[in-house]
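If you're wondering where the values come from, they're calculated on a predicted model, not measured in any experiment. Counting convention: from 1, in listed order, for ligands and their atoms alike.
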Amino acid sequence: MTHSFSPAKSRLISAFSGPAKGSPPIWLMRQAGRYLAEYRKVRTEAGSFLDLCYTPKLAMEVALQPLRRFDLDAAILFSDILVIPDGLGQTVRFDEGVGPVLMRLEKTGDFARLSLGRMERHLEPVYETVSLLRDALPAETALIGFSGAPWTLATYMMEGRSSREFQIAKYWAYARPDDFDRLIGVLVEAVALHLSAQVKAGANVLQIFDTWAGVFDDWGFSNWVEKPIAAVIRKVRAKHPEIPILVFARGAGQHLDGLAARIDADGLALDWAVPLAWGRDVLQKQTLIQGNLDPGLLRLGGVAMERAVSAIVDGWRKGRFIFNLGHGILPDTPPQHVEAMVRLIRSEACVTT
Ligand code: CP3
């Protein structure tokens, strides 16, 4: 059955224009994944994690799983930020217990081999997943498309895996900025194409993940977080002026003040270290804010989780707000804790009249 999306019925979309009446919209970063037994089953059937990402029927299935269990306002495309390097021709593997492994880009000659045309062809199954998902979702449920931001993608592409210190990526960012800018330029194009293709296939909202935005000084933040994301957003808006765009600049701290206007985002996803009062008095006056429960507290559950959830909803529900975590759900989170959290947010205690 084909359901078309109705922005007017969507709690998530309405939140961009003003505070929600009733309970706030909710979705959760990494809401699909290993903490759900039904995910682990499909994941085993699929073989590798990337096979799952590139098989539209299975990727659609795992994206829908959390919505069957919990009262959520959005589905997020099931994919990964690293499908971009994989599509550009820098093959990605996910190793058990290690995470992503990429053949490192070592010299500028390696940048030249990255191919946008190859990426667009390679990622066809991802856009097919978006389209299947949009058809499967009820009219009031928004579909979120996403991408990694150029800087975060570049860290994986230069380091070859998850990093703590970013020694190699920072060497390029600070010691060879002109060469690094060539890679970032390719990634700006790639991210803009990838996001636009998702909107064309049926995504209703976009989120850009800059997971490693918190490692910079002023110069680095301005050049490698702000400028590339602003360029991506400009390109996406040229094709799709109406699409709401959220940006998750994790660990960005006070760089978040004024950021939405500088990059032309419609909202900021906030990590849990952002103080509630500062979020309300400074950021929420500038833009919609989304967040920011510590996923560790969701894993813990009980009164510690309930206290933190109530504080967030109390603090932020009077302005433009979407409830979320401050980072992705941890794989060993009991699903009953997610259920209890959503029930609490939907309860009288968290409703605005
Ligand atoms: O439900 C959703 O939110 C949609 C799917 C989604 C995944 N990854 C699925 C996934 C999204 C939005 C992402 C984003 C992502 N991927 C980010 C940015 C957000 C963040 O969490 O900081 C980053 C940095 C990645 C890169 C990545 N993908 C790493 C480092 C890993 C390995 C660590 C881990 O959790 O295993 C992944 C794998 C990954 N991406 C899994 C899932 C469900 C687990 C793979 C498995 O099933 O084995």
Side-chain angles (χ1 to χ4, degrees), residues 26-55 58-67 69-70 72 74-86 92-102 126 129-130 133 142-157 159-164 166 169 191 194-195 198 203 205-215 246-252 269-272 290-292 295 298-299 324-333 335 338:
I26 313 173
W27 73 277
L28 305 168
M29 291 196 262
R30 291 278 189 101
Q31 63 191 29
R34 282 171 299 196
Y35 75 109
L36 295 176
E38 60 271 32
Y39 169 85
R40 296 194 297 272
K41 185 159 174 285
V42 178
R43 167 79 169 74
T44 307
E45 279 166 25
S48 80
F49 171 63
L50 279 177
D51 287 336
L52 175 54
C53 293
Y54 294 143
T55 309
L58 297 183
M60 168 178 75
E61 167 58 23
V62 295
L64 293 173
Q65 287 171 345
L67 284 96
R69 282 184 183 248
F70 317 117
L72 302 168
I76 178 163
L77 164 69
F78 189 83
S79 180
D80 195 81
I81 63 165
L82 298 177
V83 298
I84 286 188
D86 196 53
V92 177
R93 244 179 32 233
F94 284 84
D95 286 356
E96 222 57 60
V98 179
V101 181
L102 293 77
V126 176
T129 306
V130 171
L133 265 172
L143 176 57
I144 301 169
F146 73 91
S147 173
W151 160 249
T152 287
L153 292 174
T155 66
Y156 290 97
M157 295 168 80
E159 304 274 347
R161 58 186 61 212
S162 301
S163 171
R164 277 179 184 278
F166 304 99
V191 170
H194 186 46
L195 290 172
Q198 293 174 56
V205 179
L206 298 172
Q207 179 157 313
I208 298 172
F209 289 87
D210 217 349
T211 302
W212 304 116
V215 303
L246 293 158
V247 172
F248 177 49
R250 190 166 76 99
L270 306 177
D271 63 69
W272 68 88
Q290 173 179 279
N292 74 340
L298 178 60
R299 174 171 57 189
N324 206 313
L325 305 177
H327 197 194
I329 294 189
L330 298 164
D332 49 354
T333 300
V338 179

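Listed by atom number, the atoms of ligand 1 under 4.0 Å from Ser79 heavy atoms are 5 (C), 6 (C), 7 (C), 8 (N), 9 (C). Within ligand 1, counting atoms from 1 as listed, the ones closer than 4.0 Å to a heavy atom of Thr211 are 18 (C), 19 (C), 20 (C), 22 (O), 24 (C). Residue Phe78 has at least one heavy-atom neighbour below 4.0 Å for each of these atoms of ligand 1: 43 (C). For ligand 1, the atoms sitting less than 4.0 Å from at least one non-hydrogen atom of Phe94 are 28 (N), 31 (C), 37 (C), 38 (C), numbered in the order shown with element in parentheses. Heavy-atom contacts of Ala32 reach the following atoms of ligand 1: 1 (O) (cutoff under 4.0 Å). Each of the following atoms of ligand 1 lies closer than 4.0 Å to a heavy atom of Ser162: 30 (C). Interface of His327 with ligand 1, defined as ligand atoms under 4.0 Å from a residue heavy atom, comprises 20 (C), 21 (O), 22 (O). Near Arg43, meaning under 4.0 Å from any of its heavy atoms, are these atoms of ligand 1: 46 (C), 47 (O), 48 (O).
With a heavy-atom cut-off of 4.0 Å, Pro66 does not touch ligand 1 at all. The part of Leu77 lying near ligand 1 is the backbone, judged by heavy-atom distances below 4.0 Å. Heavy atoms of Phe248 found under 4.0 angstrom from ligand 1: none, in either backbone or side chain. With a heavy-atom cut-off of 4.0 Å, Pro331 does not touch ligand 1 at all.
The heavy atom nearest to atom 35 (O) of ligand 1, considering only Gln65, Gln31, Arg34, is found in Arg34. With atom 39 (C) of ligand 1 as the reference point, the heavy atom nearest to it among Phe209, Tyr156, Phe49 is part of Phe49.
To the nearest 0.5 Å, atom CD1 of residue Ile329 and atom CZ of residue Arg30 are 10.0 Å apart.
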task = Start with the C-alpha distance between Arg43 and Phe49, add both sets of side-chain angles, then the distance that settles side chain to side chain contact (heavy atoms under 4.5 Å, CB included), and finish with yes or no.
result = CA-CA 7 Å; Arg43 167 79 169 74; Phe49 171 63; 3.9 Å; yes
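The two residues Cys53 and Phe78 make their nearest non-hydrogen contact at SG-CE2, 4.1 Å.
No donor-acceptor distance shorter than 3.5 angstrom exists from the side chain of Asp271 to the backbone of Gly326, with no hydrogens or angles considered.
Between Trp212 and ligand 1, no N or O atom pair is found at a separation short of 3.5 Å.
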